[in-house]
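Atom set for the values below is all heavy atoms of this structure, side chains included, hydrogens, waters and symmetry mates excluded. In what follows, chains carry the letters A, B, and so on, assigned in the order in which the sequence lines appear, proteins first and then strands, with residues in each chain numbered from 1.
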Amino acid sequence: MRKLKDKILLGLLWFAAFLTVAVLVMIVGYIFYKGIGLISFDFIFGDYSPSGGGGILPMIVTTIYTIVISLLIATPIGILAAVYLQEYAKQGRLVNTIRFATESLTGIPSIIYGLFGAVFFVTTLKLGMSIIAASLTLTIIVLPVIIRTTEESLKTVPRTYREGSLALGTTKLQTLYKVILPSAMPGILSGLILSMGRIIGESAAIFLTAGTVAAMPASIFSSARTLTVHSFLVTQEAGDIELAAAVGVVLIVLILILNLTATFISKKLNKANY
Amino acid sequence: MSSIPVKKDAGEIGKANKRKYILEKVSGRVFLFCALLSVVSLLLIIGFVFYKGSHPFIAEGYSFIDFLLGSDWVPSEDKFGILPMIVASIYATIGALIIGVPIGLFTAIFLAEIAPRSVAKIISPAVQLLAGIPSVLYGVFGLAIIVPFLQNNLGLIKGQSLIAVIIVLAIMMLPTVVTVAETAIRAVPKAYREGSLALGVSPIGTIFKVVVPAAKSGIMTAIVLGMGRAIGETMAVILVAGNSLVIPTSLTDSIRPLTTNIALEMGYAFGTHQEMLFATGIVLFSFILILNFVLARISSKGGN
Amino acid sequence: GNDSAGDETEASGGNVHTLAISGSTSVGPLAEKLAEKYEGNNNTKIEINQIGSSAGITNAINGVSEIGMSSRELKDEEKESLQETVIAYDGIVVVTHPSNKVKNLTMDQVKDIFTGKITNWKDLGGDDLEIVVVSREDGSGSRDAFQEIVGYSSGELIKSAIVASGNGNIKTTVATNKHAVGFISFEYIDESVSPVNINGVEATAENVLSQKYVLSRPFLFVHVEDNLTNEGQKFIDYILSPEGQAIAAESGAIPVQ
Amino acid sequence: MNTTVIDRKTATDKSANTTEQQTKIAVKDLNLFYGEKQALFDVSIDIKEKEVTALIGPSGCGKSTFLRTLNRMNDLIDGVKINGKMVIDGEDIYQSNDVIKLRTKVGMVFQKPNLFPMSIYDNVAYGPRMQGIKNKAELNKIVEESLRGAAIWDEVKDRLKSSALGLSGGQQQRVCIARAIAMKPEVILMDEPTSALDPISTLKVEELIASMKKEYTIVIVTHNMQQAARVSDKTAFFLNGEIIEFDETNKIFSMPSDQRTEDYVTGRFG
Amino acid sequence: MNTTVIDRKTATDKSANTTEQQTKIAVKDLNLFYGEKQALFDVSIDIKEKEVTALIGPSGCGKSTFLRTLNRMNDLIDGVKINGKMVIDGEDIYQSNDVIKLRTKVGMVFQKPNLFPMSIYDNVAYGPRMQGIKNKAELNKIVEESLRGAAIWDEVKDRLKSSALGLSGGQQQRVCIARAIAMKPEVILMDEPTSALDPISTLKVEELIASMKKEYTIVIVTHNMQQAARVSDKTAFFLNGEIIEFDETNKIFSMPSDQRTEDYVTGRFG
Ligand SMILES: Nc1ncnc2c1ncn2[C@@H]1O[C@H](COP(=O)(O)OP(=O)(O)OP(=O)(O)O)[C@@H](O)[C@H]1O
Ligand SMILES: Nc1ncnc2c1ncn2[C@@H]1O[C@H](COP(=O)(O)OP(=O)(O)OP(=O)(O)O)[C@@H](O)[C@H]1O
Ligand SMILES: [Mg+2]
Ligand SMILES: [Mg+2]
């Protein structure tokens, strides 16, 4: 009985993993199949031209700008907020409410964040349509993800570590950055990678706040177009799926590079603690 | 014996530690500030949506009941009824959860517990990669592969349908569910596994009866975040939903979920029409609140 | 108004002026091409943001952008604060799957299709296939224009119609479905879809100009009188010049006379 | 209670004279490596049925490691290599693929209590349930018997449904023992099962071990020389991953044949 | 080594006669609640400077709970309510806000080893580093002295830089002791510090405790009656959250005044 059940469950596990991998291969395969033909040195490193034949360098640069700025702002705020909720705040109704609200906000469609950003950052704070306005909007979008995943990984740090450290007369803060955060690092990192994905994949919130200017941004106060917005525009208006897929290929490579970098950095951080 | 001598200056804090306490206090404040910052930004957004979305009902005399239960949505004729979209959103979300959550969780379990390290080391980052692919491309993939596939194999006149939305959303929530759940499962102490295995329980039994329940809280987070992704997704859904304004009666009907309604028309909407789109956002938000509430209930029930 | 803004620019000497334009995703690509040519000859940097007609109009009103682009007519309350300039026309063409044998429709037939009175291609001389109607989203300039000219209202549109956002999505949808019929701008026509003649008239720029083909809509630039700088005015002038209109024609739009 | 103690003493004396017990576990030239590092060196030992075998030796000498090879718990650690022969009931456990059968037959109590984050009841009922026992009454009976057997019933009978993790260390360890007993194994491995217990509970557990001996084969790691002397029939002395001496407990403690054993056991006190 | 043991014995005898040691920790009417559940009832006790005080009692009686009130570790548990007076060096620790000073002064070794996931070296150097000691040579010296003090130096000196979690249970616990010693506290709390150690290491740690007594005040929870008798000057017997009897260790073990104490300590064996 149990054995049969085990076999079925194991079969399901394999099947689920197979499905996931198959979907992964199909999607990435499709994007490469459609897009690889357009990929060339000029396509990646050339400047953009609206009349065709240009490259997407400005979008690559803009994309990197938005990732870096949003994460630079969201990572510390998100992690520290999670630390507050998990380690400092008295667990109770208020914290649970905050947690609940945070979770619920992950479901708000990004276009609403975009409209909010357009009203608040672009118009009210007079940042104009700019990379910085978009990054601030993205910060709000990824905060819940960072907070929740960080909280979860903090929860998994054994209490004995906290006790062991505090019993040595260290402060909460010292315990936090010497013992707790390093132990929680893998979980925090995977949250950051997810957030990075969310930032990279975002379009609606960005084109309402950063706009779609297809030129090399002069500064973070310039209006600009990210890779994803580019692929969104070419699908929506021109129906140019090859071009959208080619942008997708570049994005996938970019994500790969960023993920590897993140993993590398976390390994370095871990080493530093040994 | 009865009275213990206490020094007068006892309450004083040593000089050496003064700095530490100040730092401690300051850092506590900084953490609190960060938490508040997130809360404030979240409140701002909620406030913004509610402010915009409640205007037609408060100031312009529209009936909220008609809005919720009306089935005609013709903005140019001042008809704003979102019942078909509410129904569509409920079906699509539940459908995506039913397909996406088990596959995602099982994949996470597979990666954390069954797969050889070397295999997991390749697949896990690859799945995370999926999280970063723009939703537009999922939509294009859905439109170019899934929609025709459904159309041809189910003998439909159009593949843009509830089932297409469910499939695309299920795929899109996979990376979140898998990544978060995998981390949670990996964090379960080895002692639990050993304890169960030593009782002669099979590895699979151990996984489902001890490891997964021990990782429950993280798994719930995975589901909630994945669900958030599914509910909040627009760009991919627009392409495969068909966006027809009918109340779906079968899996093959075209649907227009609440989110796509907002994204689809926001670009051209103004005045009352735009405010009604924000009102759609309020309904969506309430919908998410209810779902999260239900999930939280389920998870605390499972805790006993 | 123009003067003060102009002074400002002149005072800053040879500095590059940035001209912020935002709005319709349909007008955007054309505006980008015009801007590319224009920037080459002038000391002006043009920023074009394709964020939708309404957002562009809002931006123009509250000063975030100097010029807004719209592919829909302005509403009355918008007209109060905004000046509009028609920079080109956009022809709208009914398209079907390439395998569809129906190559000509009367205006009434088009109306009957989109309002759900005709539901099978065989009634129109095609194969025995159910018709799948694909429309743009409510509020879109193309849809407004199309409905007005064909003569039905949003309320009359068949409920089961697929609603796609943007020309590209309609094209992709129609190109992958034998049952489908939709409408897109001239500039996006290619071999993946089959254009349909209306009342026997082919959808070409010439026929629009000669008013034999009636499905078209204006592309608008809008601005607040006081906000338009000399540079902005010069760019509009350039677009309306023969050179600018030639570029418009080249990229598939229909020049204003 | 006292009668049990007396019983046990007699039993020990008896087994000291008669060696006709059957071999339950036969280990031959077992070597174990954690990656590069060898932790067990040519370990050979015959463990008899229905006897208590104690493993003693200084910290880090490989007692836990050896114990864990007996139910293949070391399989779970990456990079562990094992060679040699280990035969239980005539079956080489490292040839067979049925670890589940092995582990059902060979139960284990760990050094650190490792209860699951469930209720006390569910912890004890966990194993039987996984074997397919669903009947409530039967489960209740098993749980009560096991908890009584582990001398913890009275302390927890009113809070069976509350979380096991709220118990004190000693209480937790006894529930761990109950959980192992609930499976009615043939062999029970215990890794310092009483190191977290107070003397009274320890006494109860030792009595339990004595009474279990009638049915089970027991292998116990202990640091407590007195405990080894009290509960075991045979004792193996480990040093640096080797078995230095393995013999009747009486003999090991009274006249060990190896100098190192003598040094170790006479280092005792109390 | 042996001299230390003798020293210790003499010291114990001496303290049995002379009671002129100063009070280091004075506890008066301490009550502690875990939420609704009361775990300590009106506990009053005077702990003298430079003595070893042992806490004994059956499992779950509140020994660990009491020990943890002495350096306010229970503050970390949600829902713990404490009232009563606890004065260390004339300072009511529950009035003062300086827990850091308190915990620097009052070190602790836990029931289960709780090393951090860092190298052995970093574990021991952790506390001193956090106090601002950066000098390499100084740190090296502290680490070596502390590890030697905890009788673990020889076993780990070649792998100081490898992860502490790769050690066996006993080894880990001794590194925990080293980590506490490294802070040079005035009071050391030990919660069954040797329950995971073999007799040789236990002996070393007991010797260590004896030698540390010259400088430190030590409070130790133990289940091992012999250990309590060997190492402590005073012994407190806990039962159900109350102190039943607190007196000279000799007296507690030879002629306790309370029947329950007698029942408990004579339940001993060996
Ligand atoms: N997972 C592991 N990886 C590498 N080495 C290990 C591992 N587990 C144990 N060891 C090493 O193997 C040796 C034997 O360890 P083991 O835990 O068997 O000792 P033990 O006799 O049970 O000690 P104790 O009485 O302290 O529990 C020790 O030197 C230990 O450091
Ligand atoms: N965090 C907690 N929440 C609720 N009750 C607790 C908690 N910790 C301990 N207790 C209860 O308080 C009582 C005293 O526990 P404590 O751990 O102090 O016992 P102990 O004397 O140290 O036992 P042992 O010798 O088994 O370690 C026990 O009944 C225990 O179940
Ligand atoms: Mg061991
Ligand atoms: Mg305790």
Side-chain angles (χ1 to χ4, degrees), chain B residues 71-80 84 136 139-140 142-152 155-161 164 234-235 237-249 252-256 260-274 276-277, chain C residues 23-26 50-58 61 70-72 74-78 119-121 129-144 147-148 153-166 168-180:
Chain B
S71 50
D72 280 327
W73 176 269
V74 190
S76 46
E77 291 167 15
D78 230 19
K79 288 185 193 152
F80 301 101
V136 180
V140 169
L143 190 57
I145 306 285
I146 296 173
V147 166
F149 177 85
L150 292 172
Q151 196 173 322
N152 296 334
L156 307 175
I157 58 167
K158 55 184 175 189
Q160 281 88 349
S161 57
T234 45
M235 292 311 171
V237 176
I238 285 183
L239 291 175
V240 299
N243 304 311
S244 306
L245 283 162
V246 290
I247 297 180
T249 52
T252 54
D253 281 348
S254 291
I255 57 162
R256 180 187 295 199
T260 59
N261 189 47
I262 300 171
L264 201 56
E265 297 188 349
M266 202 53 105
Y268 294 100
F270 76 105
T272 309
H273 182 191
Q274 198 187 50
M276 282 300 188
L277 293 178
Chain C
S24 164
T25 47
S26 315
Q50 309 173 25
I51 54 177
S53 297
S54 290
I57 292 167
T58 311
I61 292 173
S70 174
S71 61
R72 66 162 168 81
L74 292 185
K75 311 287 164 181
D76 290 339
E77 57 269 42
E78 291 166 351
T119 55
N120 198 306
W121 285 111
L129 290 173
E130 237 182 281
I131 297 176
V132 169
V133 172
V134 185
S135 172
R136 287 289 301 276
E137 59 275 31
D138 207 344
S140 122
S142 309
R143 171 159 159 179
D144 276 0
Q147 289 182 173
E148 200 175 315
S153 71
S154 280
E156 290 171 278
L157 174 70
I158 178 172
K159 278 266 177 341
S160 64
I162 290 180
V163 178
S165 62
N169 290 338
I170 292 203
K171 190 170 78 174
T172 315
T173 305
V174 173
T176 54
N177 191 336
K178 293 198 295 280
H179 304 258

For C/Thr25, is it the side chain, the backbone, both, or neither that has a heavy atom closer than 4.5 Å to a heavy atom of chain B?
-> side chain
Residue part contacting chain B, namely of C/Ser71, when any heavy atom lies under 4.5 Å | side chain
Roughly how far, to the nearest 0.5 Å, is [atom2] of [Y] from [atom1] of [X]?
X        : Y        : atom1 : atom2 : value
C/Asn169 : B/Leu143 : CG    : CG    : 7.0 Å
C/Asp138 : B/Glu77  : CG    : CD    : 8.5 Å
C/Ser54  : B/Glu265 : OG    : CD    : 10.5 Å
B/Ile157 : C/Ile131 : CD1   : CD1   : 9.5 Å
C/His179 : B/Leu156 : NE2   : CG    : 8.5 Å

I'd like to verify something: which residue of [options] has the highest number of heavy-atom pairs under 4.5 Å with chain B?
options                              : answer
C/Ser24, C/Gly23, C/Gly155, C/Ser70  : C/Gly155
C/Gly141, C/Ser154, C/Ser135         : C/Ser154
C/Ala180, C/Ser140, C/Gly56, C/Ala55 : C/Ser140

Pairs of heavy atoms under 4.5 Å with chain C: top-ranked of B/Pro75, B/Pro148, B/Pro84 = B/Pro75
Of all heavy-atom pairs between B/Gln151 and C/Lys178, which one has the smallest distance, and what is that distance?
-> NE2-N, 4.5 Å
Please report the shortest heavy-atom distance between B/Lys158 and C/Val132, naming the atom on each side.
-> CD-CG1, 4.0 Å
Would you say the side chain of C/Val163 lies within less than 4.5 Å of the side chain of B/Leu264, judging by non-hydrogen atoms?
-> yes
Mark yes or no for whether B/Asn243, through its side chain, and C/Ala164, through its backbone, hold a donor-acceptor pair below 3.5 Å.
-> no
